[in-house]
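So that the names make sense, note that chain A is the first sequence line, chain B the second, and so on, each numbered from 1.
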4 protein chains.
Amino acid sequence: MKKTTKGADSKNKILEAAIDLFAEKGYRGTKISDIVKAAGLTQAAFYLYFSSKESIFQEILERFYMRLEEHLQAAVMPSAIEPGEFSMRIRRNIESILTIFQEHPKATRIFLTEERSIDEVEILIHQTIASNLKQHQSTGLIRNDLSPHMMANGMIGLFIQVTLKELLEKQRSPKDVANEITEVLLYGLAQYRPEGTGR
Amino acid sequence: MKKTTKGADSKNKILEAAIDLFAEKGYRGTKISDIVKAAGLTQAAFYLYFSSKESIFQEILERFYMRLEEHLQAAVMPSAIEPGEFSMRIRRNIESILTIFQEHPKATRIFLTEERSIDEVEILIHQTIASNLKQHQSTGLIRNDLSPHMMANGMIGLFIQVTLKELLEKQRSPKDVANEITEVLLYGLAQYRPEGTGR
Amino acid sequence: MKKTTKGADSKNKILEAAIDLFAEKGYRGTKISDIVKAAGLTQAAFYLYFSSKESIFQEILERFYMRLEEHLQAAVMPSAIEPGEFSMRIRRNIESILTIFQEHPKATRIFLTEERSIDEVEILIHQTIASNLKQHQSTGLIRNDLSPHMMANGMIGLFIQVTLKELLEKQRSPKDVANEITEVLLYGLAQYRPEGTGR
Amino acid sequence: MKKTTKGADSKNKILEAAIDLFAEKGYRGTKISDIVKAAGLTQAAFYLYFSSKESIFQEILERFYMRLEEHLQAAVMPSAIEPGEFSMRIRRNIESILTIFQEHPKATRIFLTEERSIDEVEILIHQTIASNLKQHQSTGLIRNDLSPHMMANGMIGLFIQVTLKELLEKQRSPKDVANEITEVLLYGLAQYRPEGTGR
DNA sequence: CATGAATGAGACTTCATTCAT
DNA sequence: CATGAATGAAGTCTCATTCAT
């Protein structure tokens, strides 16, 4: 074992234990004593690597965001896009995100579940989605009889729930889940669409 | 004023204070001392009416469920239903639920937000919705290329998020919100539906 | 025992225990657990009456300052004063302060010893003394070949030390100590004064 | 550079850092981790040179005492002394001590401020001064209507305070400060001395 | 019916000190 | 000679809960 490895090892052990516990019991339900116990260390060791309970929580989220952002670059939707490609791109973007989620299921659960985390980022995500929808309302790909904000909220809610239940709990493949999410989001549950009215 | 009024009054004061605080700060973030302070009583009084913090929380939820159930009787969807009526019935059912939610915004927030609460009931709701969907897959009203469970989860997530943001936060009318939810759920976000494939 | 007495009793017990311990071991050397042990209570009880360790410390000092101020009204020295009366007034003022000190020996020790306490007040006292001296330099009662600030500092230091050692430790009477302090302060240690030079 | 230089260097760095910090924040307010950080070393290195926090503190004081003692040899007052010379000798002795203090302001502050330090030595100093005063009460140079112990305490207090404020804080010259201390100590604050009584 | 007073158990955090390398 | 890593013991503060009145 290299010299420089040991400290980082311990820090990682603590981080992983913390991720597990935050995911399972939430921030408040998780005690530092539990974390270090799971990591095989003492309480004092915790403060060698993190300045507080809050700070390890933030570090976990930041690491998660970083990974997320890397993959989110690809998710940018060009403004000029053909109808035929549209659904495919969405499908791919969703799949790409779900793949990261699947690789970090615990962190994902924290991210999607813990109020302390989402609130800040959620607004950003919401705005991004809403303006995207608004744009494609003008390109004619998205129906324009509904409010973009409401649609964005609907998307987010649907996406969160399906991620938690289908991807993380049932452990279905990102591809499958992405397909179904895309289908439902774009075309809804109904077999047939009423003609004419309102679109 | 009846003899028994005073005690019931105090109990109600405590209950209402607790609903406010649980909604605002969550279960763990709410202290008994905060509740009784808001209710104008002492901590000891709390234990005259409730055996523990957990028990008042459950009582709040149960009261909420009761009100919910009364209105949910109407929401049962008959198995034979005409396509034209289908969307309207859903719309009405959703509106009826949102109306109760709107009348009890704090309790609704607790119910939809607090993990401790949903988990038990969520399964029940999920099953109800899923079997409903499954049934209408066979009547041909619901598309059958998607898993009922997944659709149910999507519905629930979308519904929760839109309720929280549009109904409770933006205070939009149950009718409007119900309309939009129904539209999105049934027909999706896309302006046009691809022909043929898979449905 | 009256109903309203018990709480105040406990608070006082804690206060007195704290005064004893702060005087003996200093602020940092005193643990809350020691204080409540001495008061016959548990740690949690401490926080019924004080919001923190720092706050009980401040409360002790404030109570002490209040008593001090009451008696310090009398200590104001009129500007026009006869030489014969001068030393007597100083003597009386010092005696009056020493009497309060004697009545609250523990609090006095905290006040005079603990850095956290004096620093704020010391500046005020210093200014008061210095301007008093300056004034009497012009009335001719105080020698004017020395800096008022330096004399003020000397007075304060002498006063503190003699209070601690002679009044509090040796338990000499305020009257005796006041006499000696006044004598030394005004006329110094030397038997004879050199004629002429420098005054 | 000698072989033994490196270790001694580190030890000195630690010592100096410790002196700075003890002077600034006091014994209890200073952490080993602060000391070694300021010295550019690790905590473990501290224990190569000192067995405990207490021990470095004592070592600092002892070094200070040693320097003090060297210069204090000169301060011994011969028993037979002429009145004219008396004040000058005191002046010189005080100046000589203040000069050492000025050369080691941090250590001086620790010595004069920290309770843990003074108590042991103070008694010695007190005794020396008191017996000196007693002696000169019999030679007639010191007034004999006051207790030598009380006078000694007064001297010490005055001396400490003036050293801290005038010498160390205002950075006045040892000579000036020594002059003023001597003047005040010997002849007091009053412009005129009352005739006759008691001396 | 209600309160004032108190507590047990535990949470987070700090710091001097040690040990293998 | 020096370090990185770890720890034991303690300290401050919080909170749900109890009990005598």
Protein-to-nucleotide contact annotation, 5' to 3' order, nucleotides 11-16 of chain F [B base; S sugar-phosphate only; - none; under 4.0 Å, heavy atom]
SBBBBS
DNA chain E nearest-nucleotide lookup for Leu48(B) and Gly40(C): closer to the 5′ end is Leu48(B)
Name all pairs fulfilling the side-chain hydrogen bond (donor to acceptor under 3.5 Å, both in side chains) condition that reach into residues 34-43 of chain C, sequence neighbours left out, sorted by first residue then second.
none
Find the distance Ile56(B):CD1 to dT17(F):C1' and express it as a whole number of Å.
14 Å
Using whole Å, report how far CD1 of Ile14(D) lies from P of dC1(F).
12 Å
Measure the distance from CG on Asn12(C) to C1' on dA5(E) and round it to the nearest whole Å.
15 Å
Thr113(A) vs Leu164(A) side-chain heavy atoms within contact, under 4.5 Å
yes
In whole angstroms, how far is the P atom of dC15(E) from the CZ atom of Phe57(D)?
18 Å
Out of dT3(F), dA6(E), dC1(E), which has the shortest distance to the side chain of Tyr49(C)?
dA6(E)
Sorted by chain and number, sequence neighbours left out, side chain to side chain donor-acceptor pair (under 3.5 Å) with Glu114(A) holds for none
State whether the number of non-hydrogen atoms from other residues, nucleotides or ligands found under 6.0 Å of Glu169(C) atom CD is greater than 12.
yes
Are any of the side-chain heavy atoms of Leu15(D) and Tyr49(D) separated by less than 4.5 Å?
no
Can you list every stem that DNA chain F is part of, counting only runs of 3 or more consecutive Watson-Crick or G-U wobble pairs with both distances under 3.5 Å?
E:2-21 with F:2-21
Rounded to whole angstroms, how far apart are NZ on Lys11(A) and P on dG4(F)?
16 Å
Not counting sequence neighbours, which residues clear side chain to side chain donor-acceptor pair (under 3.5 Å) with Lys11(C)? List them please.
Glu59(C)
Can a side chain N or O of Ser10(D) be found less than 4.0 Å away from OP1 or OP2 on dA2(F)?
yes
Report yes if some heavy atom in the side chain of Phe64(B) is under 4.5 Å from a heavy atom in the side chain of Ile110(B); otherwise report no.
no
Are any of the side-chain heavy atoms of Ile125(C) and Glu122(C) separated by less than 4.5 Å?
no
Distance-only donor-acceptor hits, side chain of residues 16-28 of chain A, under 3.5 Å, sequence neighbours excluded:
residue, atom, partner, partner atom, Å
Asp20(A), OD1, Lys106(A), NZ, 3.3
Tyr27(A), OH, Glu54(A), N, 3.1
Tyr27(A), OH, Glu54(A), OE1, 3.2

